[in-house]
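Let me begin by presenting the structure, written as structure tokens, before commenting on it.
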4 protein chains.
Amino acid sequence: MSMSEELVDHEEAPVSSATGRPLTKRGEATRRRLLEAAELVFAEQGYHEASIVKITERAGIGLGTFYLYFDSKQAIFEALVLDLNRRVRHSMSEAMAGASSRLEAERAGFAGFFRFTAEHPALYRVVREAEFVSPEVLRLHYTRIVEGYEAGLRAAQAAGDVDRGLDPQTTAWALMGMGELIGMRFLLWERDADGKPPAELDPVVFAGMTRIIDNALAPRTGSGDGGKEA
Amino acid sequence: MSMSEELVDHEEAPVSSATGRPLTKRGEATRRRLLEAAELVFAEQGYHEASIVKITERAGIGLGTFYLYFDSKQAIFEALVLDLNRRVRHSMSEAMAGASSRLEAERAGFAGFFRFTAEHPALYRVVREAEFVSPEVLRLHYTRIVEGYEAGLRAAQAAGDVDRGLDPQTTAWALMGMGELIGMRFLLWERDADGKPPAELDPVVFAGMTRIIDNALAPRTGSGDGGKEA
Amino acid sequence: MSMSEELVDHEEAPVSSATGRPLTKRGEATRRRLLEAAELVFAEQGYHEASIVKITERAGIGLGTFYLYFDSKQAIFEALVLDLNRRVRHSMSEAMAGASSRLEAERAGFAGFFRFTAEHPALYRVVREAEFVSPEVLRLHYTRIVEGYEAGLRAAQAAGDVDRGLDPQTTAWALMGMGELIGMRFLLWERDADGKPPAELDPVVFAGMTRIIDNALAPRTGSGDGGKEA
Amino acid sequence: MSMSEELVDHEEAPVSSATGRPLTKRGEATRRRLLEAAELVFAEQGYHEASIVKITERAGIGLGTFYLYFDSKQAIFEALVLDLNRRVRHSMSEAMAGASSRLEAERAGFAGFFRFTAEHPALYRVVREAEFVSPEVLRLHYTRIVEGYEAGLRAAQAAGDVDRGLDPQTTAWALMGMGELIGMRFLLWERDADGKPPAELDPVVFAGMTRIIDNALAPRTGSGDGGKEA
DNA sequence: AATGAATGAGAATTCATTCAT
DNA sequence: GATGAATGAATTCTCATTCAT
């Protein structure tokens, strides 16, 4: 029930689940293959349909070997969510890096998020199942993303780039929710003629999102945000 | 995997799962008790942890009796989602009924949604697990809610109450996403001192949401929505 | 780790392990078949080699059915030991019932014990494996038998039929040990020409045992038991 | 299932399990550490709960190294039983060495046995589990001890120190059984206030045992041993 | 001589579903 | 209509043993 201790954010040397010792190079590779297989299997079948056997078969590894690296199905699930979380945030912040304005950064951040989602449907699917599997990681996942958002919003508000009347925390969760459902609807549910999912969001939808965000965040002209504006 | 045929929207006379005949009054009551028990059990334990035994025990009926009313665990799950979906939409449209403006209606709709969420956490939890259990009902659930939104948005755009630059479909999904994550974060995750979940959204959060929606939807003054505004 | 509550001595209505309700007649029969199968399988293969599948196959019932009656392999093990314990004590006291003297009773008791051992090798084998499986039942088993012995010895000492210099508790354990090892060596290890185990103890051995017991217990003539005898 | 060939009694140069060659001095030490670790682990956890990993960890050597010294888990078990058997017999005969009479020797032998049992609970525990692990060593263990006893009894009977009416073999097994159960009950089950097992038998119990043995073995005065005595 | 990563057969246990009563 | 005993496929996890280093 309790999470493993590896919930810290920083990449740290993974240890053998059996002996507690740090992994050899060979061990590291095996662990990585397991995580990659788990991502695929979880994405295709969901957490509950996935089984250790399916994961190890996909990884091309013996069943028993799994337990040298993870204590349980839940443990690899948590490790995977944390791994994907780290990567999606990396993807987002990289995308936002070159932006010249807050709104542009916002758009870029969403674009990065959607790109990652399209490439890693597992993140999406697995997280939505996580509430009863591992509530702690679920919360950690969302909270970590939201915290970045929130800090950005506060800074932008201070700089006058974002409506000061918005509550940063609420806004951050709201934006997160928008991104999640838009991604689900227009990336994961969408299939082209060949049954392939799209690599990126439909331009109309992306433009639509951009407009909503622009509207929502733009400093209000005229009506003040609690009197602080001229 | 396939949905039962009862995906239609209207309340219709439920039939015995065994004989296919319409239920007697007594049968109706038993079916209702099963659905109520399922709502509680699914909400507390999630779909996979829930078991037929737990549901029938909670309902106070015999295990075998379950199969007189539902073909399978998945069947009651789908029936429950559809039932809750009907009720949440009812709750929302009722709340919006007396509103005098589009924005006010929007706020009222969200308020209705959050109220229902607080009272029926099952809707939330069950839906988030539904992707791998019954993708069809999952989509149906979201789509039905969104369709109402979308129609309202189009009408309001036509009336000039909502920014005509917004894409109604995208906007509807975005608003839905906002509501979902705000509800998750500030209703379902929140516990007061006694460990009880709050009956309604924190006023600050609700005000925050309102501001976001107001911003996002309000017709833009000055800059047009593609030149159509004066 | 903890024993079930049924460690009390008296025959009591067994309950369903799943529902906690008392068993129907059909249920009682199934439970009895499981216990009988378990006795055979445990006797032949020992506790660790025995498996639930082997037991249910022997009983001619489905694997899952086992868990309607017992929580685990350990649970049926404990139930079996307690059941056999009750029966071996019954067998012994019945054998002793008609004896006219203490020494004769002693002999008859051992005879009853050996008869039971020959018919139910499981008791023997299973108990010797029990120390790491279920220490509590192991102790209960020995203690219950010894207590009967001890009480009989005290009474016989008071009546002057048994050497008053003997410590009743120590003596009871010593006699129990004698019986156990003699039974193991001369009943369980012994095979006749056809590979069949003997139905009863070799007369020479039984006579040998009798002599030891007679010697050990008989009141000392001449030398007193600490000066209390005339 | 079959025993290794090392069942012979005499200490002989152990060989590598892998190469079959005699061990170097360093190898000897490793083997000894494995046996010592096995004794501790088997005593604490029993045969089935013990695992090779636990044993090698306790011994402070690598897992794979185990198989350089023993073919299997069963092999080290058998080696351990034989080793302990040799030592307990040594302990007993040493204790009996200086005795001036048969009865005194008997008492001293038991004392030696109990001392060894208190120091090496593994012997006890492991032997009681051995019936299904390795019946041959189990029998060998008991038989070797009993044979010594039996020879002693015959000699003492010839010398008139022990009741000639006793069957030596039966008596030897009976005495062995007494010792086993008394040891189990009053050494292994006993814990002092600190939870520590006692280092030796309670004096009352030991005196009790002595009396039983004295009674059982002492030549009968008056009534003969089947008429052969004068 | 020593090591520990890899393996897979095998065990216990769960639970949706059936069906005789 | 109602019931609950029976079922067995499927899942997770353990551990003795092998073998490349």
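Proteins come first, then strands; the chains are lettered A, B, ... in the order of their sequence lines, and each starts at number 1. Computed from a predicted structure; not experimentally measured. Hydrogens, waters and symmetry mates play no part in the numbers below; they use all other heavy atoms, side chains included.
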Original post:
B/F66 versus B/I76: any side-chain heavy-atom pair under 4.5 Å?
Top reply: yes

**OP:** Verify side-chain contact (heavy atoms from CB on, under 4.5 Å) between D/E44 and D/R58, making sure each step is shown before the conclusion.
**Re:** CA-CA 12 Å; D/E44 277 169 23; D/R58 188 84 154 234; 2.8 Å; yes

**OP:** Would you mind reporting whether D/D83 and D/E36 have side-chain heavy atoms less than 4.5 Å apart?
**Re:** no

Subject >> Atom-pair distance (CG on A/L68; C1' on E/dT7), nearest Å >> reply: 9 Å

**OP:** Evaluate the side-chain proximity of A/R125 to B/F132: yes if any heavy-atom separation is below 4.5 Å, no if none is.
**Re:** yes

Original post:
Quick one: is F/dG1 close enough that its OP1 or OP2 comes under 4.0 Å of any side-chain N or O from B/Y69?
Top reply: no

Original post:
Between B/H48 and A/H48, what is the ring plane arrangement, given parallel below 30°, perpendicular above 60°, and tilted in between?
Top reply: parallel

Subject >> Separation of F/dG1 P from B/R33 CZ (nearest whole Å) >> reply: 14 Å

Original post:
In the 5'-to-3' direction, what one-character label does each nucleotide of nucleotides 13-21 of chain F receive under the scheme B = base within less than 4.0 Å of a protein heavy atom, S = sugar-phosphate only, - = no such atom?
Top reply: BB-SBB---

Original post:
Does D/T30 place a side-chain N or O at less than 4.0 Å from the phosphate oxygens OP1/OP2 of E/dA2?
Top reply: yes

Original post:
If we only count heavy atoms from C-beta on, is the C/Q45 to C/V41 side-chain gap below 4.5 Å?
Top reply: yes

**OP:** Anything under 30° is parallel, anything over 60° is perpendicular, the rest tilted; go ahead and classify C/F42 against C/Y47.
**Re:** parallel

Subject >> Atom-to-atom span, CD of A/E28 to C1' of E/dG4 - whole angstrom >> reply: 16 Å

**OP:** Could you give me the stems involving DNA chain E, meaning stretches of three or more consecutive Watson-Crick or G-U wobble pairs whose two defining distances are both below 3.5 Å?
**Re:** E:2-21 with F:2-21

